[in-house]
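In this text the structure is predicted, and so the values were computed from the model without any measurement. Convention: sequence-line order gives letters A, B, ...; per-chain numbering from 1.
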Amino acid sequence: MHPEDKTGIVGWGAYVPRYRLKAEEIVRIWGFEKTVPKGLFIIEKAVGGSDEDAVTIGWEAARNALMRAEIDPKEIGAVFFGTESKPYAVKPSATIIAEALGITPVTMASDMEFACRAGSEGLRASIGLVASGMVKYAMTIGADTAQANPGDVLEFTASSGGAAFIVGPREEAAAYFEGSYTYVTDTPDFWRRAHSHYPLHGEGFTGEPAYFNHIINSVKGLFNKLKLTPDDFDYAVFHQPNGKYPLRVGKRLGFPKEKIMPGLVTPWIGNTYNGSALIGLAKVLDQAKPGQRILVAPFGSGAGSDAYSIVVTERVEEKQRLAPMVQEYIDDKVYIDYGLYAKYRGIIRRITG
Amino acid sequence: MVRLSISRHWREKGAYYRLEGIECLDCGKRSYPPAPVCPHCGSRNVRRVKLPRTGRLLSYTITYSIPEGFREYAPVMLGLIELDDGTRLVSQLTDTKPEELRENMRVEAVLRRVQVDGEYGLIHYALKFRPHRPGGRKE
Ligand SMILES: [Zn+2]
């Protein structure tokens, strides 16, 4: 018995903006080799419009989670918002979303920062708050309008999107938590200083010492804690900085491609940073059957990874149709060129005001 | 396009964020934005209600002459919308372009940026309407 197993996901939701930029357009603009997108397994990425940011993206994901939870928003006692594209350096985003969804004023609310795993830290905190009885429901949101230096290889994947989960009592849940495990170290793989528009990454650090080391340790730690093996899981969802890494880390942990593909979204929408693994989890919940077991392991640079074991309940099917599914957002798309992308994402600097 | 004052936006966040309007307890009609007096019959006997977030586009207008501060949203499309409960309102349209717009198309409210006060000022959020995206149930 672990404290986690008193809690579960009572509502989940995702959001992917409508606009798409093809990887071949970035090849054309910045003079990359044509084989680069294939090497990253990235076909196209989602781009938020001019009036979208992490708050508006998080709002729509959270609205979808509320539609599936079918609860009074006032019963939510904590709202965690994980992002690395906060619209304000100082002024919480969580309160804007909580206010707009009618959750305020009697709630905790805060923004989390841990590169791409801040939203996942919010999920572990939510589980703790609900399991202890301090709140009945807690919401965690991971959303980003990911930045990348134009012309950097990161630009192929850095994209916009988000996901949200409402944690509540296991009896009401579409899936319950069996256990969770976190593994963090100080690793300089990726960072952005306070006044910089774009992040930098430590060449040679992003793969082995960061992504692979932390995910493998969190997942193996979870396996040991729960006495489970890859054969016990029907799905495995990992952080998705590109399409290749999750398949590679899964293989090293003993998961076949068939268990990873249902939750793989980056090749078609890009890396939504805090949304990445969480949108993958939402997509798996959109199609999961009662009794199935899901492994999810987000990762954030700096660096750390959480691993969760989640078991689907018979309530999942009634909730699946209550809000738009991830695949529907992926399929509903409008292609734009690099010029519009640059305008939408604020890459073109203008004098205003 | 009117510049929003900080205090007015804060006072009316229920209307801007959650589509709160009023319902008249005398004539029964609903209206938006919220006001102390029913625009249909003049009664002051009104209460706040949350309006439905979906409806249809009755008509629209497209503006190409844009005041400074809104250029990234150009062309600005304004729609006359009838919500599913019959309430009519005017709202900015988003995630669309003039050639996609048609009368009677289904639309839904989404939270978006409506005004950003330069590099250092406030970012104002409010609901806009976009063509209904597939999936989910109708609210
Ligand atoms: Zn009246």
Side-chain angles (χ1 to χ4, degrees), chain A residues 13-19 48-53 55-60 62-64 66-68 73 86-89 91 93 95-104 286 320-334 336 340 343-346 348-353, chain B residues 3 6 9-10 12-20 48 50 53-54 66-77 91-97 99-100 108-139:
Chain A
Y15 171 67
V16 180
R18 201 177 174 212
Y19 304 107
S50 286
D51 58 2
E52 293 189 270
D53 62 19
V55 164
T56 67
I57 288 168
W59 173 88
E60 185 155 344
R63 181 207 66 171
N64 289 337
L66 263 175
M67 284 165 72
R68 285 203 173 94
K86 276 168 66 81
Y88 291 94
K91 185 179 183 298
S93 298
T95 50
I96 304 171
I97 295 174
E99 181 89 47
L101 291 172
I103 298 169
T104 49
D286 285 349
Q320 284 168 341
R321 284 300 337 163
L322 296 181
M325 295 193 177
V326 173
Q327 192 62 50
E328 290 167 326
Y329 277 122
I330 292 175
D331 293 341
D332 178 35
K333 61 187 172 184
V334 172
I336 56 171
L340 270 181
K343 184 181 91 166
Y344 287 172
R345 289 294 93 228
I348 301 171
R349 310 296 297 174
R350 298 177 65 242
I351 297 169
T352 56
Chain B
R3 282 201 176 269
I6 292 176
H9 193 267
W10 179 75
E12 282 304 336
K13 62 195 171 186
Y16 288 123
Y17 286 179
R18 296 187 296 269
L19 212 57
E20 286 176 6
R48 284 238 169 190
K50 195 165 168 288
R53 279 196 303 244
T54 52
I66 305 293
E68 192 46 67
F70 298 94
R71 174 52 58 188
E72 61 265 48
Y73 309 128
V76 170
M77 294 162 276
S91 170
Q92 206 172 318
L93 303 171
T94 188
D95 273 5
T96 188
K97 47 190 174 185
E99 48 280 29
E100 268 182 358
E108 61 181 326
V110 288
L111 191 75
R112 293 298 169 96
R113 289 181 171 204
V114 288
Q115 188 187 305
V116 178
D117 183 9
E119 282 279 311
Y120 304 106
L122 277 175
I123 301 164
H124 292 292
Y125 296 91
L127 295 170
K128 296 181 184 177
F129 280 77
R130 73 164 180 226
H132 194 83
R133 285 184 71 172
R137 62 165 179 197
K138 291 201 175 70
E139 280 183 84

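For the atom pair Tyr125(B) OH and Ile97(A) CD1, the distance stands at 8.5 Å (nearest 0.5 Å). Taken from OG in Ser50(A) to CZ in Arg112(B), the straight-line distance is 10.0 Å, to the nearest 0.5 Å. To the nearest 0.5 Å, atoms CG (Asp51(A)) and CD1 (Ile123(B)) are separated by 12.5 Å.
Note on Tyr88(A), Tyr19(A), Tyr344(A): by heavy-atom pairs under 4.5 Å with chain B, the leading option is Tyr88(A).
Listed here is the closest heavy atom pair of Leu127(B) and Trp59(A): CD2-CZ2, 4.2 Å. Thr56(A) and Arg113(B) get closest at one heavy-atom pair: CG2-N, 3.9 Å. The two residues Arg18(A) and Asp95(B) come nearest to each other via the heavy atoms NH1-O, 2.7 Å. Across Asp332(A) and Pro134(B), no two heavy atoms sit closer than the pair OD2-CD, 3.6 Å.
With contacts defined as side-chain heavy-atom distances shorter than 4.5 Å, the pair Leu122(B)/Lys91(A) qualifies. With a 4.5 Å cut-off on side-chain heavy atoms, Glu72(B) and Ile348(A) do not count as touching.
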request  = Report the C-alpha distance between Glu60(A) and Arg130(B) in whole Å, list the side-chain angles of each, state the deciding distance to 0.1 Å, and finish with yes or no for salt bridge (charged side-chain N to carboxylate O under 4.0 Å, His left out).
outcome  = CA-CA 13 Å; Glu60(A) 185 155 344; Arg130(B) 73 164 180 226; 2.6 Å; yes
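Looking at Glu108(B), the atoms closer than 4.5 Å to chain A (heavy atoms on both sides) all sit in the side chain, from C-beta outward. Within the 4.5 angstrom heavy-atom criterion, atoms from both the backbone and the side chain of Ile96(A) approach chain B. Only the backbone of Ala74(B) has a heavy atom closer than 4.5 Å to any heavy atom of chain A. Neither the backbone nor the side chain of Leu19(B) comes within less than 4.5 Å of any heavy atom in chain A. Contacts between Glu99(A) and chain B at a heavy-atom distance below 4.5 Å involve backbone atoms as well as side-chain atoms.
Remark: Thr96(B) engages Met77(B), Leu93(B), Glu100(B), Leu101(B), Pro131(B) in a side-chain contact (heavy atoms from CB on, under 4.5 Å) (not counting sequence neighbours). Among residues two or more places apart in sequence or in another chain, the ring-ring contact (aromatic ring centres under 6.0 Å, His included) test is passed with Tyr15(A) by Tyr329(A).
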